[in-house]
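Inspection log for the structure reproduced underneath, given as structure tokens.
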Amino acid sequence: MSEINGVGAASMSYAKEAYSANLNKDVIAHRGQQALDLLESASAVSSTPSASSGNHMTTDNLGQSVNIRV
């Protein structure tokens, strides 16, 4: 079965590689967009002030974002 409806093995091999490359391109583009979206959402998150910023004592924010359950 080296030929399917007049299409040779070399043509089929080329078509498979082109199709695979096109799928890979789409996957890479999608992953890149996901990474950009993640970076954008991370930059939009407001952070809590750290203990060293402003006129806070070192212990002002200690334990502010710790959630321990036993």
Side-chain angles (χ1 to χ4, degrees):
M1 189 188 275
S2 64
E3 203 171 297
I4 300 173
N5 293 336
V7 177
S11 296
M12 288 297 290
S13 176
Y14 176 76
K16 285 179 187 178
E17 294 223 11
Y19 181 71
S20 177
N22 193 29
L23 285 178
N24 287 335
K25 182 181 108 181
D26 290 342
V27 168
I28 290 170
H30 184 68
R31 287 183 183 165
Q33 187 60 49
Q34 284 180 325
L36 289 174
D37 292 344
L38 181 62
L39 287 172
E40 184 178 333
S41 69
S43 67
V45 174
S46 63
S47 62
T48 58
S50 65
S52 62
S53 67
N55 293 326
H56 305 288
M57 292 183 60
T58 306
T59 58
D60 278 356
N61 294 327
L62 190 60
Q64 183 178 15
S65 61
V66 176
N67 189 6
I68 299 174
R69 295 182 183 166
V70 181

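Every value quoted in this text rests on a predicted model; they were computed, and no experiment measured them.
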Can I get a per-line list of side-chain donor-acceptor pairs under 3.5 Å for residues 27-34, giving both atom names and the distance, sequence neighbours left out?
| from | atom 1 | to | atom 2 | distance (Å) |
| --- | --- | --- | --- | --- |
| H30 | NE2 | Q34 | NE2 | 3.4 |
| Q33 | NE2 | D37 | OD1 | 2.9 |

**Asked** So which residues get pulled into L23's cluster when ILVMFWY side chains under 4.5 Å apart are joined, directly or through others?
**Response** Y19
**Asked** Using a side-chain heavy atom cutoff under 4.5 Å and only I, L, V, M, F, W and Y, what cluster partners does L38 have?
**Response** none
**Request:** Name all residues meeting the side chain to side chain contact (heavy atoms under 4.5 Å, CB included) criterion together with N22; count only those two or more places apart in sequence or in a different chain, and write none if there are none.
**Result:** K25, D26
